[in-house]
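Note sheet for the following structure.
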6 protein chains.
Amino acid sequence: MELDTGLPSVRQVQTAIKDGKEIELKLVTGDLVTGKVKWQDPHCICVMDHYEQPTIVWRHSIAFLKPKA
Amino acid sequence: MELDTGLPSVRQVQTAIKDGKEIELKLVTGDLVTGKVKWQDPHCICVMDHYEQPTIVWRHSIAFLKPKA
Amino acid sequence: MELDTGLPSVRQVQTAIKDGKEIELKLVTGDLVTGKVKWQDPHCICVMDHYEQPTIVWRHSIAFLKPKA
Amino acid sequence: MELDTGLPSVRQVQTAIKDGKEIELKLVTGDLVTGKVKWQDPHCICVMDHYEQPTIVWRHSIAFLKPKA
Amino acid sequence: MELDTGLPSVRQVQTAIKDGKEIELKLVTGDLVTGKVKWQDPHCICVMDHYEQPTIVWRHSIAFLKPKA
Amino acid sequence: MELDTGLPSVRQVQTAIKDGKEIELKLVTGDLVTGKVKWQDPHCICVMDHYEQPTIVWRHSIAFLKPKA
């Protein structure tokens with residue numbers, strides 16, 4: 001399984017990684033994960049918080065992604 | 001994985017994009033995301049709010065889509 | 001991906017479309033969507049309410065379908 | 001997609017259909033659907049209540065199945 | 001679809017069946033199902049309680065499995 | 001189905017196993033499972049608590065993974 005970098009959803013996460021902009025991930029648990037995206041793969045998206053602690057979020061648990069307000 | 005544009009569900013989202021009509025997405029989290037649909041791909045649907053802020057919604061978290069009341 | 005019209009679950013939704021009978025869809029969100037089924041495809045089932053407003057329901061969010069009480 | 005009738009989970013639902021015994025389905029919504037199983041296909045299991053009203057339950061929403069207490 | 005008996009998760013359930021040890025299944029509904037594992041297949045795990053009543057649990061609804069405390 | 005050890009999400013769990021560092025798994029049920037990762041396979045991740053009791057967590061129920069705070 002590979003990420004299709006031709007898809008807008010994959011590209012926009014890739015852009016977030018390059019630009020280092022902060023984003024918000026709302027999860028199906030109701031949790032809000034905020035920070036900078038470090039990497040993505042077909043299963044997960046990794047977000048770094050202000051303390052450089054990584055949170056590896058499974059895609060199946062993501063409801064939506066927004067630029068940080 | 002590609003979107004099958006012959007399917008009614010894909011076509012109706014495509015029509016919403018072209019027409020610029022506002023829609024509501026009810027998510028499995030209970031969140032309601034409203035705005036205009038900007039794009040769709042096999043994983044996600046992107047909705048723009050009134051401040052031109054995008055919300056990238058994962059399809060697996062969508063319960064239903066309606067025209068905005 | 002195509003709908004297998006030989007399956008009872010697909011045929012019964014097809015019958016609901018032809019007969020124009022009202023049904024209830026209970027969703028995993030707890031929402032109850034009621035009305036007449038307009039169409040189905042592999043991803044979604046579309047339900048029309050009394051005001052002819054469509055609700056496009058993703059199959060992954062459906063818990064059960066019943067004839068309207 | 002076909003049901004593999006060699007699998008215990010498929011066979012036990014098949015036995016429930018033949019024997020006409022009442023079962024309980026607990027759904028991920030918390031709903032409890034009880035009655036006799038009428039049919040199963042790869043997507044759904046259909047349960048008839050005491051008033052001969054069918055409830056078509058999507059498999060993805062089933063948490064567990066038990067003989068009725 | 002077959003169970004890959006080379007995987008640790010499949011083997012450990014197989015061991016629980018052979019050893020007849022009690023386990024706990026925590027489900028995404030919050031339900032806790034406890035008892036001895038009778039069988040597993042690619043869709044389900046069957047747990048017998050103290051009254052020899054079976055509960056057929058769909059794998060998609062399992063959060064985790066532990067030895068009974 | 002095999003684990004693709006080239007993916008960052010798989011490698012980072014593999015690193016957690018080798019390093020014996022404590023992690024937190026937040027589940028879609030809201031449960032928090034903490035301990036050391038013992039193994040992973042395509043379906044599950046196994047976490048050992050302080051009493052050397054294993055919890056086998058299904059991947060589909062994982063929201064996110066973090067180093068233990």
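Each chain gets a letter, A, B and so on, in the order its sequence line appears, and its residues count up from 1. Worth saying up front: this structure is predicted, and the values here are computed from it rather than measured.
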- Note on the structure: On a heavy-atom basis, the closest approach of P67(F) and P54(A) is CD-O, 3.3 Å

- Message: Heavy-atom cut-off 4.5 Å, strictly under: side chain, backbone, both or neither for W58(A) against chain F?
- Response: both

- Task: Working to the nearest 0.5 Å, report the span between CZ of F64(F) and OG1 of T29(A).
- Result: 6.5 Å

- Query: So which of V33(A), V47(A), D31(A) has the largest heavy-atom pair count under 4.5 angstrom toward chain F?
  - Reply: D31(A)

- Measure E24(F) against the heavy atoms of chain A and call it side chain, backbone, both or neither at under 4.5 Å. neither

- Side-chain contact, heavy-atom cut-off 4.5 Å: K66(F) with I56(A)? no

- Task: Identify which part of V28(A) has an atom lying under 4.5 Å from any heavy atom of chain F, answering side chain, backbone, both or neither.
- Result: side chain

- Task: Nearest 0.5 Å please: distance from the CZ atom of R59(F) over to the NE2 atom of H43(A).
- Result: 7.0 Å

- Query: Sub-3.5 Å donor-acceptor pair from the side chain of H60(A) to the main-chain atoms of A63(F), do we have one?
  - Reply: no

- Note on the structure: Taken to the nearest 0.5 Å, the spacing of S61(A) OG from K26(F) NZ works out to 10.0 Å

- Query: Would you say W39(A) and S9(F) make side-chain contact, with heavy atoms under 4.5 Å?
  - Reply: yes

